[in-house]
2 protein chains.
Amino acid sequence: MTSRDDLGQMPGHLIRKLNQRSTAVFTERMKSAPVELTSVQYAALDVLAREPGIDQARLASLIAYDRATIGEVVKRLEKKGLVARQVNEEDRRARTLRLTGEGEVALARVAPIVAALQAEILANLTQAEQAQFLALARKAVGA
Amino acid sequence: MTSRDDLGQMPGHLIRKLNQRSTAVFTERMKSAPVELTSVQYAALDVLAREPGIDQARLASLIAYDRATIGEVVKRLEKKGLVARQVNEEDRRARTLRLTGEGEVALARVAPIVAALQAEILANLTQAEQAQFLALARKAVGA
DNA sequence: AAAATATGATACGTATACTTACCATATTGA
DNA sequence: TCAATATGGTAAGTATACGTATCATATTTT
């Protein structure tokens, strides 16, 4: 048998495990939060707080998701009462998005938890290594 | 408004985008492959080639997934005729897994493509940076 | 050996993620 | 202005991913 590269050393595999760890930490810490949100839902609320009135396509592009996925995410946020959707009268294809009062409160309460949990994702690295890792990750994704 | 940390700089967000890039590259390169596989499906075949006869729980633990997900993945691989499942007579709860002849061929054909695409995931980094990134990623996931 | 516990697999439910196709509405160009 | 094209949103289909519950079978404990 020709010896194949070790799966566990491949970038794709390592990155997947890293992402797995990241979402596991997020979910775990969110359990004790006043409002339970997934990481995508948090990202959506965060962007809407900064840029109220954008539509779904713009939201999707800002957090790097496709339209279909964001449509589902927004639907769930609307159901939870955190986001309001409204037909844009200037372009009747688009739906304007906005945080509700409840959405603002939820975001304010959850934001510190999310900020705090970030370090935990890379807890196996020293401070210097974390900084190094993040710089490389930013470059790798083209930021 | 209290200024929140920038979402785009958070480890969780960067890691997700990295993973997104990784799966996008995988899917793209796989389109021209003789057999179309997802990255999980490839990982499963790779492990089964190395350790034929293991059961689903062991497979799941080796590639760091939960049993439920691997059950679905294996079901699809079986449907494609790449993996054979058999009740383990020593422990009738378990299903022994094995590559079929077709599975062996598929893996052999796809392996070089997968190996080649790995570098592309980190194409924005220099060779030295790639090595550095991988070392940090390995440490971060605890490998 | 019977009871308690553990483990492999599956079923079900929820939430991503992305592709393709389609409809409605805008914009562009001939 | 009318046809061609582009764009926002949704629907449907596929494939992860994981938690929880349940069933079948093993193992351990009493």
Side-chain angles (χ1 to χ4, degrees), chain A residues 12-13 15-28 30-31 36-44 53-80 82-83 85-97, chain B residues 12-13 15-28 30-31 36-44 53-80 82-83 85-97:
Chain A
H13 198 71
I15 289 169
R16 184 184 64 74
K17 290 223 275 195
L18 216 45
N19 193 47
Q20 192 176 37
R21 183 188 169 89
S22 171
T23 59
V25 169
F26 196 100
T27 307
E28 179 58 29
M30 208 46 92
K31 275 181 190 162
E36 269 198 61
L37 296 173
T38 65
S39 66
V40 197
Q41 288 173 6
Y42 174 78
I54 59 175
D55 62 31
Q56 293 183 192
R58 175 114 182 86
L59 173 58
S61 117
L62 284 174
I63 53 182
Y65 282 89
D66 64 301
R67 290 204 310 270
T69 300
I70 284 307
E72 295 295 310
V73 172
V74 168
K75 188 199 286 179
R76 281 186 283 271
L77 287 172
E78 196 183 24
K79 202 169 167 185
K80 284 185 183 178
L82 305 179
V83 162
R85 207 161 16 172
Q86 201 176 1
V87 171
N88 181 349
E89 288 306 329
E90 283 143 41
D91 182 346
R92 301 188 46 78
R93 292 171 306 183
R95 312 301 185 82
T96 286
L97 303 174
Chain B
H13 198 71
I15 289 169
R16 183 183 65 74
K17 290 223 273 197
L18 216 45
N19 194 48
Q20 191 176 37
R21 184 189 168 89
S22 171
T23 59
V25 168
F26 195 101
T27 307
E28 179 58 30
M30 208 46 91
K31 275 182 190 162
E36 268 199 62
L37 295 173
T38 66
S39 65
V40 197
Q41 288 171 6
Y42 175 78
I54 59 175
D55 62 31
Q56 292 184 191
R58 176 113 182 86
L59 173 59
S61 117
L62 283 175
I63 53 182
Y65 281 89
D66 66 301
R67 289 205 309 269
T69 300
I70 284 307
E72 294 295 311
V73 171
V74 168
K75 188 198 287 178
R76 281 185 283 271
L77 287 172
E78 195 182 24
K79 202 169 166 185
K80 284 184 183 179
L82 305 179
V83 162
R85 204 158 21 169
Q86 201 176 1
V87 171
N88 181 348
E89 288 305 328
E90 282 143 43
D91 182 342
R92 301 187 47 77
R93 293 169 304 182
R95 312 300 185 86
T96 286
L97 303 174

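Lettering of chains follows the sequences in order, A, B, ..., and the numbering in each one begins at 1.
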Identify all side-chain donor-acceptor contacts of residues 21-28 of chain A below 3.5 Å with residues at least two apart in sequence or on another chain.
residue: A:R21; atom: NE; partner: A:I121; partner atom: O; Å: 2.8
residue: A:R21; atom: NH2; partner: A:E120; partner atom: O; Å: 3.4
residue: A:T23; atom: OG1; partner: A:N19; partner atom: O; Å: 3.3
residue: A:T23; atom: OG1; partner: A:Q20; partner atom: O; Å: 3.0
residue: A:T27; atom: OG1; partner: A:T23; partner atom: O; Å: 2.8

With a non-hydrogen cut-off below 4.0 angstrom, is [X] in contact with a base, only sugar-phosphate, or nothing?
X	result
A:Q41	sugar-phosphate
A:R67	base
B:T69	base
B:R85	sugar-phosphate
B:A57	sugar-phosphate
A:D66	base

For DNA chain C, which nucleotides open and close the run of contacts to chain B, 5' to 3', at under 4.0 angstrom from a non-hydrogen atom?
-> C:dA6 to C:dC18
Considering only side-chain heavy atoms of B:R76, which listed nucleotide, D:dA17, D:dA15, D:dG9, is closest?
-> D:dA15
Per atom distances to the A:D55 side chain, the nearest of D:dG8, D:dT10, D:dT16 is D:dG8
Between A:L62 and A:I54, is any pair of side-chain heavy atoms under 4.5 Å apart?
-> yes
Residue closer to the 5' end of DNA chain D, B:R93 versus A:K75 (nearest nucleotide) = A:K75
Distance from B:Y42 atom OH to A:H13 atom NE2, nearest 0.5 Å?
-> 11.0 Å
With B:L97 as partner, the option from B:Q56, B:R58, B:Q86 fulfilling side-chain contact (heavy atoms from CB on, under 4.5 Å) is B:Q56
Of A:N88 and B:A68, the one whose closest nucleotide on DNA chain C sits nearer the 5' end is B:A68
Rounded to whole Å, the CD-C1' distance (B:E90 to D:dT27) equals 16 Å
Rounding to a whole Å, what distance do you find between A:E72:CD and D:dA12:P?
-> 11 Å
Work out which heavy atom in A:L37 is nearest to a heavy atom in A:M30; give both atom names and the distance.
-> O-CG, 3.2 Å
Is any side-chain N of the basic residue among A:K75 and A:E78 closer than 4.0 Å to the acidic one's carboxylate O?
-> no
